[in-house]
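Worksheet: the structure to be examined is printed underneath.
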Amino acid sequence: MGSGKWEVTGPPGRGCGRPPGLPRGVLGQFRSAWCLAGLRWFRRFQAVTLTHLQSVASNYNVSYNVDVRFRSLAEESQAVAQAVNQSQAVVQGELVQLKAWVRKLQRRSRKIDTRLRALDLALGERSQQQARERKAHEAQGDALQDSLARLEGLVHSQGARLAALEGWLPVAHPGITALGPALIPAPTQPGLLGPSSLKLQRDRQELQVASEHRGPRQDSSAPPQGTREPPGSGSHRVLNGTATAPKDPPRQAWSPREPGEICGVGPTLIFPNASTKNVVFLSPSFVTALRAVSFCSWVRTASGRLGTLLSYATEDNDNKLVLHGRDSLLPGSIHFVIGDPAFRELPLQPLLDGQWHHICVIWTSTQGRYWLHVDRRLVATGSRFREGYEIPPGGSLVLGQEQDSVGGGFDSSEAFVGSMSGLAIWDRVLVPGEVANLAIGKEFPAGAILTLANAALAGGFVQRANCTCLERCP
């Protein structure tokens with residue numbers, strides 16, 4: 001038997017071995033039983049191992065699915081975050097635009113309020129002035145009527161006295177003969193003039209002097225003494241309170257210029273429509289502060305309104321210098337603005353006929369004087385307009401559009417439609433002779449700081465033409 005230990009020679013089912021000392025006859029049975037037991041054990045172990053492996057695989061699949069789900073959720077959360085960020089950016093952009101529009105509307109509302117207040121103040125002052133003038137006219141009319149009544153009474157009394165003296169004269173002095181309105185001694189008796197005849201001559205002279213002082217009856221509708229009307233054909237000037245004019249000057253039609261062509265005035269800018277893209281910048285703008293400015297140009301409008309000829313804006317005020325017209329204003333009127341909200345309304349009705357006209361707008365801070373010349377004629381003037389004011393440098397100077405912000409904020413209702421030519425700006429006051437010479441093309445005043453040579457087209461449909469004569473421009 002040996003030591004009593006089995007000798008295993010191989011795995012069950014292939015070489016099961018036998019215990020020592022076992023007879024070989026029993027070896028086949030034992031080997032079969034042993035191999036079957038080993039096979040059952042191996043299969044059970046294989047099943048347990050397979051179940052364990054399946055469990056492990058199942059747990060791995062679950063964990064893998066969980067990881068995939070987590071990754072999917074993370075990607076979805078990132079997509080949602082990106083969408084939220086995009087929506088927030090869009091909302092913020094719209095809020096910025098809305099705030100910009102609100103600020104723009106607030107600025108416009110403030111401008112409209114200030115202009116309305118200025119208009120109310122101007123209307124109030126004008127109504128008060130008209131009331132004062134009406135009272136002055138009434139007082140002058142009453143004074144004239146009283147003077148006329150006293151003068152008529154004096155004339156009647158002098159006439160009665162003269163008639164009595166003429167009736168008494170032939171009786172007292174046969175040598176004196178009454179000849180109508182004058183008393184002349186008879187040539188045959190030159191030395192017979194006595195005290196009574198001398199007194200009669202003095203009475204006659206007094207009557208003639210009273211008749212001359214009476215003069216023609218004045219019209220109470222005439223302007224009061226000391227006022228000044230714009231000079232022109234058929235008007236009169238008032239100097240030191242004394243009017244010199246014909247009794248009733250005839251009214252003449254507006255004559256814009258002498259017959260003939262307008263040639264040699266330089267390039268022409270054509271603004272074909274009211275698009276906000278039709279803008280021209282003058283660069284550089286004002287490089288130094290201005291205490292006086294003269295703006296002159298040939299202008300032809302293509303619509304029933306003037307639009308904006310010139311706009312100068314800075315960061316602190318978008319209406320530092322503006323010649324501004326819009327479709328809501330009275331046709332033919334334009335606002336001359338210096339340092340908003342101060343402005344003066346200028347009459348430019350002659351420009352609405354679609355023909356070329358020459359205009360000059362002049363201002364000086366000395367006493368705030370300003371003048372408007374149209375076709376060499378002074379049509380408006382005044383004082384106390386921005387007296388002592390100074391137009392700052394470094395802003396944006398635009399032709400054809402009105403700026404609500406520096407270089408932008410245009411509105412089609414304020415755009416200019418028409419043509420400009422020969423435009424120039426001076427930093428001094430042009431005298432009437434220079435304005436007249438400029439309008440007839442005789443001489444260009446020296447010292448211009450800006451002309452159309454500084455014009456830069458910013459886009460749109462603005463055209464630049466070089467016409468030999470303005471009448472030949474498109």
Side-chain angles (χ1 to χ4, degrees), residues 228-235 237 252-271 280 282 292-302 306-310 321 323 325 332-334 336 344 346-364 369-382 399-400 416 418-455 464-474:
R228 182 180 181 90
E229 293 183 355
S233 177
S235 63
R237 301 177 60 188
Q252 298 182 3
W254 185 276
S255 178
R257 60 185 181 274
E258 296 296 330
E261 292 184 335
I262 307 163
C263 303
V265 297
T268 300
L269 296 180
I270 303 172
F271 297 79
V280 174
L282 292 183
V293 64
S294 297
F295 168 85
C296 297
S297 176
W298 284 97
V299 178
R300 179 178 65 181
T301 60
L306 294 177
T308 301
L309 302 178
L310 175 76
L321 173 62
L323 289 173
S333 66
I334 195 168
F336 179 31
R344 293 293 184 269
L346 302 180
L348 288 173
Q349 285 81 6
L351 273 65
L352 299 180
D353 60 359
Q355 303 298 322
W356 284 103
H357 294 274
H358 188 264
I359 67 169
C360 277
V361 181
I362 304 169
W363 169 84
T364 176
R369 298 295 305 275
Y370 67 92
W371 301 266
L372 169 63
H373 296 267
V374 178
D375 298 317
R376 297 178 293 165
R377 299 185 180 186
L378 181 66
V379 299
T381 184
L399 301 179
F416 172 76
S419 303
M420 300 183 193
S421 186
L423 184 146
I425 300 176
W426 292 261
D427 58 355
R428 63 181 180 89
V429 174
L430 296 184
V431 299
E434 290 178 311
V435 174
N437 290 337
L438 182 62
I440 63 176
K442 182 178 180 182
E443 183 180 2
F444 188 84
I449 60 175
L450 288 170
T451 64
L452 287 185
N454 304 99
R464 184 188 182 103
N466 292 318
C467 306
T468 56
C469 296
L470 293 184
E471 289 79 6
R472 303 175 187 175
C473 283

Notebook entry, point to check: Measuring from Leu269:CG to Ser419:OG, what's the distance to the nearest 0.5 Å?
Noted result: 8.5 Å
Margin query: For a side-chain contact (heavy atoms from CB on, under 4.5 Å) check, start with the C-alpha distance between Val280 and Phe271, then their side-chain angles and the critical distance, and finish with the verdict.
Written below: CA-CA 10 Å; Val280 174; Phe271 297 79; 3.9 Å; yes
Notebook entry, point to check: So, the side chain of His373 versus the backbone of Val361: is there a donor-acceptor pair under 3.5 Å, distance only?
Noted result: no
Check: Sequence neighbours excluded, which residues qualify as side chain to side chain contact (heavy atoms under 4.5 Å, CB included) partners of Thr301?
Finding: Val299, Leu306, Phe416
Check: Can you tell me how far CD1 of Ile359 sits from CG of Leu346, rounded to the nearest 0.5 angstrom?
Finding: 9.0 Å
Check: How about His357 and Asp375: does a side-chain donor come under 3.5 Å of a side-chain acceptor?
Finding: yes
Notebook entry, point to check: After noting the C-alpha distance and the side-chain angles of Leu282 and Leu423, does the key distance pass the side-chain contact (heavy atoms from CB on, under 4.5 Å) rule?
Noted result: CA-CA 11 Å; Leu282 292 183; Leu423 184 146; 4.2 Å; yes
Margin query: What I'd like to find out is whether the side chain of Thr381 reaches to under 4.5 Å of the side chain of Arg369, using heavy atoms alone.
Written below: yes
Next item on the list: Report yes if some heavy atom in the side chain of Ile262 is under 4.5 Å from a heavy atom in the side chain of Glu471; otherwise report no.
Entry: yes
Checklist line | Results of side chain to side chain contact (heavy atoms under 4.5 Å, CB included) for Cys263 - residues two or more places apart only | finding: Glu261, Cys469
Check: salt bridge (Lys or Arg N to Asp or Glu O under 4.0 Å) with Arg300: which residues, sequence neighbours excluded?
Finding: none
Notebook entry, point to check: How long is the gap from CH2 on Trp356 to CE on Met420, to the nearest 0.5 Å?
Noted result: 9.5 Å
Checklist line | Leu323 vs Thr308 side-chain heavy atoms within contact, under 4.5 Å | finding: no
Next item on the list: Find out whether Glu434 and Arg428 are in side-chain contact, i.e. whether some heavy atom of one side chain is under 4.5 Å from a heavy atom of the other.
Entry: yes
Check: Taking C-beta and beyond as the side chain, do Ile425 and Val293 meet within less than 4.5 Å on heavy atoms?
Finding: yes
Item checked: Closest non-hydrogen atom pair between Gly266 and Ser421, with its separation -> O-OG, 3.7 Å
Checklist line | ring-ring contact (aromatic ring centres under 6.0 Å, His included) partners for Phe295, two or more places apart | finding: none
Note to self: To the closest 0.5 Å, what do you measure between CH2 (Trp371) and CG (Leu378)?
What the structure shows: 9.5 Å
Next item on the list: Could I get the full list of side chain to side chain contact (heavy atoms under 4.5 Å, CB included) partners for Ser294, not counting sequence neighbours?
Entry: Ile362, Trp426, Leu430
Check residues 439-455 and write down every donor-acceptor pair under 3.5 Å in which the side-chain atom is one partner and the other belongs to a residue at least two apart or another chain.
unit_1 : atom_1 : unit_2 : atom_2 : d
Thr451 : OG1    : Ala453 : N      : 3.2
Asn454 : OD1    : Thr451 : N      : 3.0

